[in-house]
Amino acid sequence: MISRPVDPTQELAAFLRTRRERLDPHDLGLPSRRQSRRTPGLRREEVAELAGVSIDYIVRLEQARGLRPSADVVEALAGALRLAPDERAYLFDLTRHRPRDAGKPTTAAAPSLARLVADLSPLPAMLMNHRFDILAWNRGMTRLLLDFGTLPAAQRNSLWLCLMHPGIREFYIDRERVVREGIAHLRSAWAAHPEDRTLGDLITEFTAGDLEFARLWAEQDVKIPGRGSKAMRHPVVGDIAVHFEVLMPLQDTDQRLMICRAADEESQAAFDRLCAR
C-alpha cells in the first residue's frame, strides 16, 4: 500500500462539506423552505448567503476545483459554518492563511496557569500576554526582579519596566540587546494584532517618551525569542545570569509562560542567597 501526501484542496472540500452537513438550519434562525431536505445540514445556497459568496463558489470549493479562497472569504466561511476555534485555525491552515486573532486580548491570567506559575517557585516564572502585560508571577520572580504587585496595573508590563522603571533600566548588563530583542518581539505582536488599540497606544507612548525605543523601533527588526539568556546586575547579591524559556499554552494562546533558571553555579549560589533572605 502506497501512502499519498495529504491534498489540501481535497481536505478543504471534505472539511467544508462535513461542517455544512452537521449544522441545523433551525439553530441558525434560517427560514423554513417549502422544498424538503434530502440531506442533513445546510444547503450550499444557505452557506453562500451566510458567507456572502456565490453558490457556484461554494460548489467549486466542495468539489476541490482548485480555488484558493482569500483570508476574508475564509473568515466569512468560518463564521457561516459556526466553526469552533480549533476548527477555524484548521481552516486557515488548509487555505495557507494566517488566522486572525479570534478574541479579545487576555487581561487576566487563566486560573490554572496562575497556579502553575506559583507551583514553579523557587524557579522565577511569570505569565504575560502578547503586549507584555504581566498577568501573574511567583515569589522567585519577585526576588529576582521586583514585586509587581506594588506597581500600578498600567506599569505591570515587562517592556515598560525595562524602558521606564528607574530600578530596572540599569538592571540588565547587556541592556541594548535585551531592549532590542523586546522591541523586535513587540513588532511581531503588533503585526499579529493590528486591532489592539491598547498595544498601539503603548507603542506610541514608547516612541514619544524614549529615544532608545524610537531608534530601535525604526530599524524594523522582527524576532520572537522563545529562549535565551540574560545577565543581570542585582542590587542585593550582585551579578546573576539566567537562561529563560517562553512557552505558549495550547488552550490560552494569548498567554506566554516565562520560566528562568540559573545559567551557572555562581548564579545559582546568588539566587539561593536571595531565596534564603
Side-chain angles (χ1 to χ4, degrees), residues 3-107 129-131 184-201 203 220 222-224 248-256:
S3 61
R4 298 179 180 178
V6 174
D7 182 344
T9 303
Q10 295 288 345
E11 286 294 312
L12 174 63
F15 183 67
L16 292 176
R17 284 196 305 272
T18 58
R19 298 308 93 174
R20 172 174 63 82
E21 291 169 356
R22 74 175 183 174
L23 292 174
D24 187 334
H26 299 291
D27 293 340
L28 275 65
L30 294 175
S32 58
R33 311 266 181 169
R34 291 182 179 179
Q35 183 179 357
S36 62
R37 295 178 182 270
R38 291 175 294 179
T39 58
L42 299 186
R43 294 190 175 96
R44 290 190 178 111
E45 57 264 33
E46 291 169 330
V47 174
E49 182 179 349
L50 290 170
V53 296
S54 69
I55 300 174
D56 180 65
Y57 193 87
I58 298 295
V59 170
R60 292 164 69 192
L61 280 176
E62 290 193 0
Q63 292 179 350
R65 286 160 59 182
L67 291 182
R68 185 175 184 272
S70 68
D72 288 337
V73 171
V74 174
E75 191 70 69
L77 288 170
L81 295 171
R82 303 302 191 263
L83 299 186
D86 291 344
E87 294 172 324
R88 176 179 173 273
Y90 180 68
L91 181 61
F92 271 89
D93 285 341
L94 285 177
T95 55
R96 301 297 187 264
H97 290 296
R98 181 174 181 173
R100 300 164 183 168
D101 183 30
K104 296 181 180 179
T106 301
T107 56
N129 61 13
H130 69 266
R131 62 170 83 114
H185 193 172
L186 188 70
R187 179 175 287 282
S188 176
W190 174 65
H193 301 271
E195 76 295 334
D196 187 350
R197 292 187 177 182
T198 301
L199 178 58
D201 292 343
I203 293 169
Q220 302 281 329
V222 178
K223 184 179 181 181
I224 304 176
M248 182 184 294
L250 288 175
Q251 291 295 109
D252 300 281
T253 55
D254 192 46
Q255 301 189 34
R256 287 101 170 103

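Counting begins at 1 with the first residue of the sequence. Values reported hereafter were calculated over all heavy atoms of this structure, with side chains retained and with hydrogens, waters and symmetry mates removed.
- Closest heavy-atom contact between L23 and A80: CD1-O, 3.9 Å.
- With rounding to the nearest 0.5 Å, the separation of CG in L50 from CD in E46 is 7.5 Å.
- Within the 4.5 Å cutoff, no side-chain heavy atoms of K223 are placed close to those of R187.
- Pairing each heavy atom of V73 with each of P69, the nearest pair is CG1-CB, 3.8 Å.
- In summary, of the residues considered (R43, R44, R19), a salt bridge (Lys or Arg N to Asp or Glu O under 4.0 Å) with E62 occurs for R44 alone.
- We find the OG1-CG distance between T107 and D254 to be 9.5 Å, quoted to the nearest 0.5 Å.
- When side chains are defined from C-beta on, T106 does not count as touching D252, because their heavy atoms never get closer than 4.5 Å.
- Heavy-atom minimum distance, A51 versus A76: O-CB, 3.4 Å.
- Contact annotation: the side chain of L199 approaches that of H130 to within less than 4.5 Å [non-hydrogen atoms, C-beta and beyond].
- The ring pair (Phe, Tyr, Trp, His ring centres under 6.0 Å) contacts involving residues 47-68 comprise nothing, where partners must be two or more places apart or lie in separate chains.
- Put simply, the side chain of R20 gets close to the backbone of L42: a donor and an acceptor are under 3.5 Å apart.
- Interatomic distance, CD of E11 versus CG of D93, reported as 12.5 Å (0.5 Å rounding).
- Here L77 contributes atom CG and F15 contributes atom CZ; the two are 10.5 Å apart, rounded to the nearest 0.5 Å.
- Taking CZ from R17 and CD1 from I58, the interatomic distance works out to 12.5 Å, rounded to the nearest 0.5 Å.
- A perpendicular orientation is assigned to the rings of F92 and H97, their planes being inclined by more than 60° (bins at 30° and 60°).
- The pair R60-D56 meets the salt-bridge criterion, since a charged nitrogen lies less than 4.0 angstrom from a carboxylate oxygen.
- Interatomic distance, T9 OG1 to R65 CZ, rounded to the nearest 0.5 Å: 13.0 Å.
- Here the side chain of R68 pairs a donor or acceptor atom with the backbone of R96 at under 3.5 angstrom.
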